[in-house]
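Encoded as structure tokens, the structure appears first; notes follow it.
Values reported hereafter were calculated over all heavy atoms of this structure, with side chains retained and with hydrogens, waters and symmetry mates removed. For reference, positions follow the sequence shown, starting with 1.
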Amino acid sequence: MVKRASSLIDPSTGKPIVYDDLTREIAGPTMGGVRSILSGHPAQGLDPARLARILRSAEEGNAEDQFALAEEIEEKYLHYQGTLGTRKRAVSQLEITVEAGSDAPDDQDRAQFIRDWLARDTLEEELFDILDAVGKGVSFTEVAWDLSGNYWLPARLENRDGRWFEFDRIDGKTPRLRGGPDGMSGTPTDLPPFRFIVHHHPAKTGLPLRGGLIRGVAWAYLFQNFAVKDWVIFAEVYGMPVRLGRYGPNATADEKRILLRAVTNLATDAAAIIPDSMKVEFAEAQASGNYEVYERLCQYLDQQVSKAVLGQTATTDAVAGGLGGSQGNVHNDVREDIQRADAKKLAATLNTGLVRWMIDFNFGAPASGRYPRINIGQSEKFGKEEMALVETFVALGGRVEESVIRDKLALPDPPETGADGQPVRLLKAKVSAAQNPAPADTIPPIAAPGVAVAASSASVAGLEGLMRGLKIGAASSLAAASTMDAIDAAVADMADQWQPVTVPMFDPLQKAFDASASYEDLKVRLLAALDKMDVRAMAELLAEATFMARLAGESGNALQ
């Protein structure tokens, strides 16, 4: 069978990518090779010397035991499992938006293509698996491509065990696949392009294998393991009476063993048999020792793990202050900061890998070089405050791409036609008369040599607009869909008169700011400026506008 070659070039070999290789599984588990699902369980019998050897071996490039240890600690250390799971779920459940490269139709189509693919039921679980790098420092995800339709699409994102990979011994950063494509080779091979999402998520600066949380959490797990073991032993004998077995001077070794077994059984089974020549006495139980030393040590270690994973302790541990006071608010802010950073790291990995691959496979590289971008999290979206700033910016003459605002609001691109082939009714902003004034030749130009003249001119223009509006109202039965009411017409005629009437109000304030030499000086000048603010022109204009509005209402009622 002839393998089909694509127009895409493998950057490592310079040869075209073979389509059939994209659908073939590469890093799956094997029965007899090096990629086995079975683990050696290095956490069993773990002590400081053995843990140090495991971590040092990972530094030298052999991280198989470190990955296995990370998996086992997450299974056994419940506090770590809970906090790490919380951190990963907090990001994997965030809303995802896609930002188009530009307003160009092609860029909009590419962005919608990515949005359509993201609407998948398994996405949250796949992102959760990719975030396995939070604990281990790095995660490997194999992309299974599919061409069942008209496009090359990732059908599955398969998480792969970190034990099946290793890093270059020279740079410590380049990942390689152990066992090769067949899983039987002894020499690691380079990862093929467009097939693996390698997500680095370091908790600190350094090599990937030294950046995971597990290297610090492992020590907390080890010490808590010792504390819990001693705590259990202490709890087993705490408060129990001391059993004393007495034997005669002629007792044999077998008789001594029988007596020892008897006093032991009294502690566990509450039953035992002994010869008449032997005696068992119960000394009064002396409750010596204190369990709090073990509890405090375990709580201390749990708090350190909470700080490492979540950056705080208030949401996971019962500490003074809790979440109700200012301390809890600060802690919660720190947690949100980590969540935002995690989301940006994950989005960067998907943008530089998966998104670019999907666009290149199906559309080719954009001529502008601007690919769609995935944004994860509410912090990337616009709220009321941001939209108010945009409105002000546009009102002052600024220009903003429509696609940018739509992407920030998580709104899809508007379709031209619906499923029935008919034009889709779109919501549009209501254009006020002030934004769409009447033609200039219908209103005589207004000079504004002074405040009083400006107000008078505005009144004349407003009356003319009012009369035009009344005429429109009288003819509304003939052309209702294209008319403007009297109020809007008056507003349109007076919209340009705001500056002359506001200058007497704000000019004293501006002069106070310009003349002030210090903050204290400004406070004094502002108090004096309040008496100089002239609001008469504004009051006159508003009174005339109110009168015209009332007249319009009365006239409209009369016309009807």
Minimum side-chain heavy-atom gap M358-R110 below 4.5 Å
no
Does one side chain, of T349 or H200, offer a donor that lies under 3.5 Å from an acceptor on the other?
no
For this output row, return yes or no: ring centroids of F361 and W145 closer than 6.0 angstrom.
yes
Specify whether H201 and H199 have parallel, tilted or perpendicular ring planes, treating 30° as the upper limit for parallel and 60° as the lower limit for perpendicular.
perpendicular
Taking only Lys NZ, Arg NE, NH1 and NH2, and the carboxylate oxygens of Asp or Glu, determine whether D168 and R176 approach each other closer than 4.0 Å.
yes
Lys/Arg cation over aromatic Y371: R356, 6.0 Å, 45° cone:
yes
Contact check, side chains of S57 and D65, non-hydrogen atoms, under 4.5 Å:
no
Less than 4.5 Å apart, side chain to side chain, heavy atoms only: is that true for P29 and W164?
yes
Would you say S139's side chain and L131's backbone share a donor-acceptor pair under 3.5 angstrom?
no
Salt bridge or not between E74 and K136? Use side-chain N to carboxylate O under 4.0 Å.
no
Could you walk me through whether R296 and Q299 pass side-chain hydrogen bond (donor to acceptor under 3.5 Å, both in side chains), step by step?
CA-CA 5 Å; R296 289 177 180 176; Q299 288 180 351; over 6 Å; no
Per the salt bridge (charged side-chain N to carboxylate O under 4.0 Å, His left out) rule, which among D129, D342, D132 passes with K88?
D132
Can you tell whether the side chains of D47 and R50 come within less than 4.0 Å, N to carboxylate O?
no
Do any N or O atoms from the side chain of R178 and from the backbone of R163 form a donor-acceptor pair under 3.5 angstrom?
yes
